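This structure is a prediction, so every number in the text was calculated from the model and none was measured.
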Amino acid sequence: MILKYDVIVIGGGHAGCEAATAAANMGAKTCLVTMDMNKIAQMSCNPAVGGIAKGQIVREIDALGGQMGLVTDATAIQFRMLNRGKGPAVWSPRAQCDRGKFIWQWRKTLDETANLDIWQDQADELLVETVEQPSQQTHRVRGVKTIWGCELQARCVIVTAGTFLNGLMHIGRKMVPGGRIAEPAVPHFTESITRHGIRSARMKTGTPVRIDKRSVHFEDMNEQQGEQGYYQFSYMGQHRQLKQLSCWECYTNPQVHETLRSGLADSPLYNGQIQSIGPRYCPSIETKLMTFPDREQHLLFLEPEGEDTNEMYLNGFSSSLPMEVQIDALKKIPALRDVRVYRPGYAIEYDFFDPTQLNHALESKIIEGLFMAGQVNGTTGYEEAGGQGTLAGINAALKAGMAGADTAKETQFILHRDEAYIGVLIDDLVTKGVDEPYRMFTSRAEYRILLRQDDADARLTERAYQLGLATSERYNWWLEKKEAIDELIDFCQKTTIKPNEINGILENLGTAPLHGTAKIYDLAGRPQLNFQILSEISPALKNKISSLKNRNEEIAEAAEIKIKYKGYIEREKMVAEKMHRLENIKIKGHFDYPNLSAISTEARQKLQAIQPETLAQASRIPGVSPSDINAMLVLMGR
């Protein structure tokens with residue numbers, strides 16, 4: 001049987017779901033191929049979305065017209081804004097979700113998306129055709145063949161296979177092929193890609209034990225409640241629909257560590273069984289013991305998996321040790337002395353493809369029409385996967401001929417490093433590559449004050465609307481919010497406060513008193529003051545904020561940040577604009593790198609392998625020095 005589409009998406013994880021909905025919502029006839037329709041967007045590891053820098057990515061997906069924020073808000077059982085003790089550039093939203101409801105909310109979203117079919121099957125072979133051109137042969141994707149013999153044809157294929165490509169699970173010395181616990185691996189698909197010259201390698205990740213909450217002594221743990229405020233992920237979604245639940249904290253101890261060490265001889269991480277690269281920033285408990293041998297305790301978080309289940313996730317206890325060692329060690333923790341588990345932790349090895357073989361649209365440089373997103377690009381995390389999936393879906397739809405009315409000539413949708421964390425993520429992947437599973441942090445972004453979680457819609461929604469992805473409803477939400485922010489800032493610039501109304505408070509806060517009337521705008525710029533304090537002093541400001549039509553707390557916060565950090569924002573924009581000058585200098589095809597004696601040998605090798613599009617991209621490649629860039633600038637001038 002042959003089925004024809006514009007875009008085919010392989011894999012129903014977080015990258016695949018965002019890719020499929022993005023392409024379909026842009027008008028591309030799309031097919032999502034997944035092995036199990038009942039495990040769409042499965043949260044394979046912890047049942048949470050967001051976190052440091054990851055939360056910003058989810059806000060960006062939402063601003064672009066994606067779905068992760070909406071699905072998270074509909075299924076959240078706890079919400080927190082991380083890093084509130086620091087500046088707003090690094091505030092990061094995070095939500096605990098109901099794992100089962102998350103799947104079905106995504107399934108409902110897919111079922112209601114026009115232009116989108118779901119085909120339950122397993123991809124077995126990437127179909128590629130060779131195109132003869134005057135100077136060379138080129139490869140172009142033609143579709144996918146499944147294990148049941150169905151041939152799905154399309155101009156574009158997006159591979160989002162997660163950990164399933166030649167997946168191999170480990171618990172102690174026991175090894176079982178699989179892409180996830182109780183789910184089969186995909187054994188041949190990698191080879192159908194690499195035979196065309198695309199490089200693959202192996203990575204490793206892991207997941208912790210799952211615990212029956214009825215066996216936990218919560219009186220011996222510290223409760224960690226969520227926030228009850230106005231924060232949420234999507235600018236459009238409903239607020240906190242499910243029962244809000246607590247997480248719980250406990251610690252390992254020397255007895256736990258002694259038990260774990262007793263099993264290290266059977267640990268696949270240390271007996272040579274696993275050779276591939278694991279995540280530096282989410283290490284297994286046995287890796288923590290080896291890396292920090294003097295630490296007597298490690299913090300663990302026990303997290304609920306849902307409203308209606310006894311299953312809980314022990315964050316911080318990822319392990320591939322023998323199951324009896326894992327359980328014996330857990331019983332040395334006072335709160336888990338009577339612990340019962342649903343399943344032990346395990347490690348999994350899987351194939352990924354070197355992301356430097358992709359361009360910034362996430363399309364292969366070797367096979368035209370082949371896009372890749374998610375863990376197959378060497379990343380880790382639902383959010384990183386969702387961000388890549390959104391961009392891959394947009395660009396596949398554009399490649400297939402879909403575009404909004406204002407972008408009829410646009411063939412690629414690229415986000416720069418000063419526009420989105422998604423832009424930082426993709427630029428890092430395709431210019432630097434990966435030597436371990438890539439995880440996003442705020443420290444990876446040089447323009448953090450421009451990439452705040454509160455202004456993702458200001459950065460991205462208008463572009464997404466012009467592209468045809470963001471709906472008119474979403475766009476009108478943004479216009480209304482923008483108008484309200486501008487109105488509030490204008491009010492603060494015109495409204496004054498007298499010294500006798502505020503000087504007592506200013507002195508108590510340790511900031512200089514007023515000698516004359518001052519505008520609220522200028523007072524809000526002081527670090528010691530905020531809108532909450534100023535609203536108590538100025539009833540006019542309080543009334544103005546409460547009179548805003550919709551989401552007035554969110555609007556007030558956005559306005560206050562723009563006022564307080566105006567100088568920093570403007571300075572960072574100037575730095576970004578300087579870098580854009582290098583972004584505008586196209587170099588692809590201008591240099592014969594192997595014979596370019598003016599630059600270092602390492603730079604020649606890296607530039608030849610990656611073939612950057614612009615001088616700015618070249619400057620970010622490890623091994624390419626500023627002197628190499630200067631030499632290339634001189635040569636370009638000649």
Task: Intermediate values then yes/no, side chain to side chain contact (heavy atoms under 4.5 Å, CB included), Trp91 and Glu557 - done: CA-CA 12 Å; Trp91 293 354; Glu557 181 180 88; 3.6 Å; yes
- [ ] Could you tell me which residues satisfy side chain to side chain contact (heavy atoms under 4.5 Å, CB included) with Ser627, sequence neighbours excluded, listed by chain and number?
- [x] Ser625
Give a yes or no on whether the backbone of [Y] and the side-chain of [X] come within a donor-acceptor separation of less than 3.5 Å.
X	Y	answer
Lys432	Arg620	no
Asn359	Glu363	yes
Gln611	Lys588	no
Arg459	Ala63	no
Glu383	Val58	no
Thr160	Ile10	yes
Tyr382	Asn46	yes
Gln375	Phe352	no

- [ ] Report the C-alpha separation of Val7 and Met402 in whole Å, then their side-chain angles, then the decisive distance to 0.1 Å, and conclude whether the side chain to side chain contact (heavy atoms under 4.5 Å, CB included) test is met.
- [x] CA-CA 11 Å; Val7 176; Met402 310 298 154; over 6 Å; no
Nearest heavy-atom neighbours spanning [X] and [Y]:
X	Y	value
Met68	Thr72	O-OG1, 2.7 Å
Thr431	Ile621	O-CG1, 3.5 Å
Ile449	Tyr568	CG2-O, 4.0 Å
Leu450	Ala576	CD1-CB, 4.4 Å
Asp435	Ile277	O-CG2, 3.0 Å
Ser318	Gly206	OG-C, 3.5 Å

So how far is it from [X] [atom1] to [Y] [atom2], rounded to the nearest 0.5 Å?
X	Y	atom1	atom2	answer
Asp427	Ile422	CG	CD1	13.5 Å
Leu362	Met372	CG	CE	10.5 Å
Met290	Ser284	CE	OG	10.5 Å

Test item: side-chain donor near acceptor, [X] and [Y], under 3.5 Å:
X	Y	result
Asn377	Thr379	no
Thr190	Asp351	yes
Ser44	Arg180	yes

Task: Phe591 vs Leu607, side chain to side chain contact (heavy atoms under 4.5 Å, CB included): CA-CA, chis, key distance, verdict - done: CA-CA 10 Å; Phe591 293 109; Leu607 291 165; over 6 Å; no
Task: Parallel, tilted or perpendicular: ring planes of Tyr475 versus Tyr465, cut at 30 and 60 degrees - done: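 Rings of Tyr475 and Tyr465: parallel, as their planes differ by under 30°.
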Task: side chain to side chain donor-acceptor pair (under 3.5 Å) partners of residues 11-21, not counting sequence neighbours, each pair once - done: none
Open item on the list: For Arg439 and Glu384: C-alpha separation, side-chain torsions, deciding distance, then whether side chain to side chain contact (heavy atoms under 4.5 Å, CB included) applies.
Closed with: CA-CA 7 Å; Arg439 179 177 181 175; Glu384 290 88 340; 3.8 Å; yes
Task: Neighbour count above 12 (heavy atom, 6.0 Å) for Lys288 NZ - done: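 Enclosed.
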TODO: Could you please spell out the steps behind the side-chain hydrogen bond (donor to acceptor under 3.5 Å, both in side chains) verdict for Glu613 and His360?
DONE: CA-CA 9 Å; Glu613 296 281 344; His360 280 72; over 6 Å; no
TODO: Identify whether NZ of Lys or CZ of Arg in Arg444 sits under 6.0 Å from the centre of the six-membered ring of Tyr438 and within 45° of that ring's axis.
DONE: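 Pair Arg444/Tyr438 counts as cation-pi.
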Task: Sole residue of Gln453, Arg59, Gln56 in side chain to side chain donor-acceptor pair (under 3.5 Å) with Ser92 - done: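 The side chain to side chain donor-acceptor pair (under 3.5 Å) with Ser92 is passed solely by Gln56 among Gln453, Arg59, Gln56.
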